[in-house]
Amino acid sequence: MRIDVVSIFPEYLAPLRLSLLGRAQEDGLLELAVHDLRDFTFDRHRTVDDTPYGGGAGMVMKAEPWALALEHVLASQAATAEQPGSMGEAGQAAPTEEAAHDAGPASARRPVLIVPSPAGAVFTQAMAYELSEEPTLAFACGRYEGIDERVLDWAAQRFDVRPVSLGDYVLNGGEVAVMAMVEAVGRLLPGVVGNPESLVEESHADGLLEYPVYTKPSLWRGHGVPEVLLSGNHGKVASWRLEQQLRRTAARRPELLDGADAAPYGKAERAVLRELGYEVADGRIRRAAPRA
Ligand code: ADE
């Protein structure tokens, strides 16, 4: 996968060169290009913002540097796709700008452009999985009061533009959100995480929070480890863990269970769900109505 990030603080993204994602880049599993928006300005002060039409507080990011930067991203992604042995050779080529135009607005062939914004759809693990299938991703980090809206209209003719929020709170800009999203997506790329099993058993992989984990010693400062984990009985361990997932999800994120598919759960889990105040109807888990 190739990822392009445009920001006025390219150094903010430096940690993405470390650890697992750093190794993924060394191994050629991930190509990360960070672009300085100010490189697409021509005045002495490298100006990227101006006052808002209609008045009001703060500054708005100017349209033209964004258009130039995103045109550069499109051209770079197309060049990567055309390189021998690139991701494009595997049949996942990012379209050229021309192809992106031809493909029409509903086409899935347009390269994805994520615009981090508290006004976007909330980022989820399901979204991370979906994005990890893309050959290229681009991220446009806004700052100040945001980017001139016309950039998004212009970009929608060239990219599959997706405003995405990290959560219901406001950050100073898109960079921190991009770091979170790139890490969440990057670790799902084949070969990035050493043991792919660990991706199956983590929180949100199956719509539930992860079960609690323990390591040696078995008695620590008076706190023991649940007996079942020391039993060596893999079947019992698996059902205990699933029960813990259900209990933890019901306690911490009850809305994740409400409306979930009940098919994966057998008799024992359904009994736990009932105890936790849920019922199964028409194959779905629902929060039971409180008793009068
Ligand atoms: N920029 C500012 N706040 C944000 C948020 N919550 N998510 C993504 N980008 C943002």
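Both counts, for ligands and for their atoms, begin at 1 and track the order of listing.
Classification of the His72-His35 ring pair by plane angle, with boundaries at 30° and 60°, yields perpendicular.
Remark: minimum distance from atom 7 (N) of ligand 1 to any protein heavy atom is reached at Leu166 N, 2.8 Å. For atom 10 (C) of ligand 1, the closest non-hydrogen atom of the protein is Pro118 CD, 3.6 Å. Protein heavy atom at the shortest distance from atom 9 (N) of ligand 1 is Ser117 N, 3.1 Å.
Here the side chains of Val228 and Asn233 are not in contact, with every heavy-atom distance at 4.5 Å or above. Contact of the Leu208 side chain with the Leu257 side chain is registered, since non-hydrogen atoms from C-beta on lie closer than 4.5 Å. With contacts defined as side-chain heavy-atom distances shorter than 4.5 Å, the pair Val185/Met1 qualifies.
Taking a 6.0 Å sphere around CG of Asn195, one finds it holds more than 12 heavy atoms contributed by other residues, nucleotides or ligands.
Residue contacts with ligand 1, taken as heavy atom pairs separated by less than 4.0 Å, involve Ala177 solely via side-chain atoms from C-beta onward. At a 4.0 Å heavy-atom cut-off, ligand 1 does not touch Asn172 at all.
The backbone N or O of Leu29 sits nowhere less than 3.5 Å from a side-chain atom of Asp27 that would complete a donor-acceptor pair. Counting only distance, with no hydrogens or angles, the side chain of Arg270 and the backbone of Ala262 share a donor-acceptor pair below 3.5 Å. With hydrogens and angles disregarded, no donor-acceptor distance shorter than 3.5 Å links the side chain of Gln125 to the backbone of Ser203.
Close approach of ligand 1 to Pro116 is summarised as follows: ligand atoms under 4.0 Å from at least one heavy atom of the residue are 8 (C), 9 (N). Within ligand 1, the atoms closer than 4.0 Å to a non-hydrogen atom of Val164 are 8 (C), numbered from 1 in the order shown. Atoms of ligand 1 lying under 4.0 Å from at least one heavy atom of Gly173, given by number and element, are 1 (N). The distance from ligand 1 to the heavy atoms of Ser165 drops below 4.0 Å at these ligand atoms: 5 (C), 6 (N), 7 (N), 8 (C). Within the listing of ligand 1, atoms 3 (N), 5 (C), 6 (N) sit less than 4.0 angstrom from a heavy atom of Tyr169.
Between Val170 and ligand 1, no N or O atom pair is found at a separation short of 3.5 Å. Any N or O atom pair closer than 3.5 Å counts here, and Gly174 shares no such pair with ligand 1.
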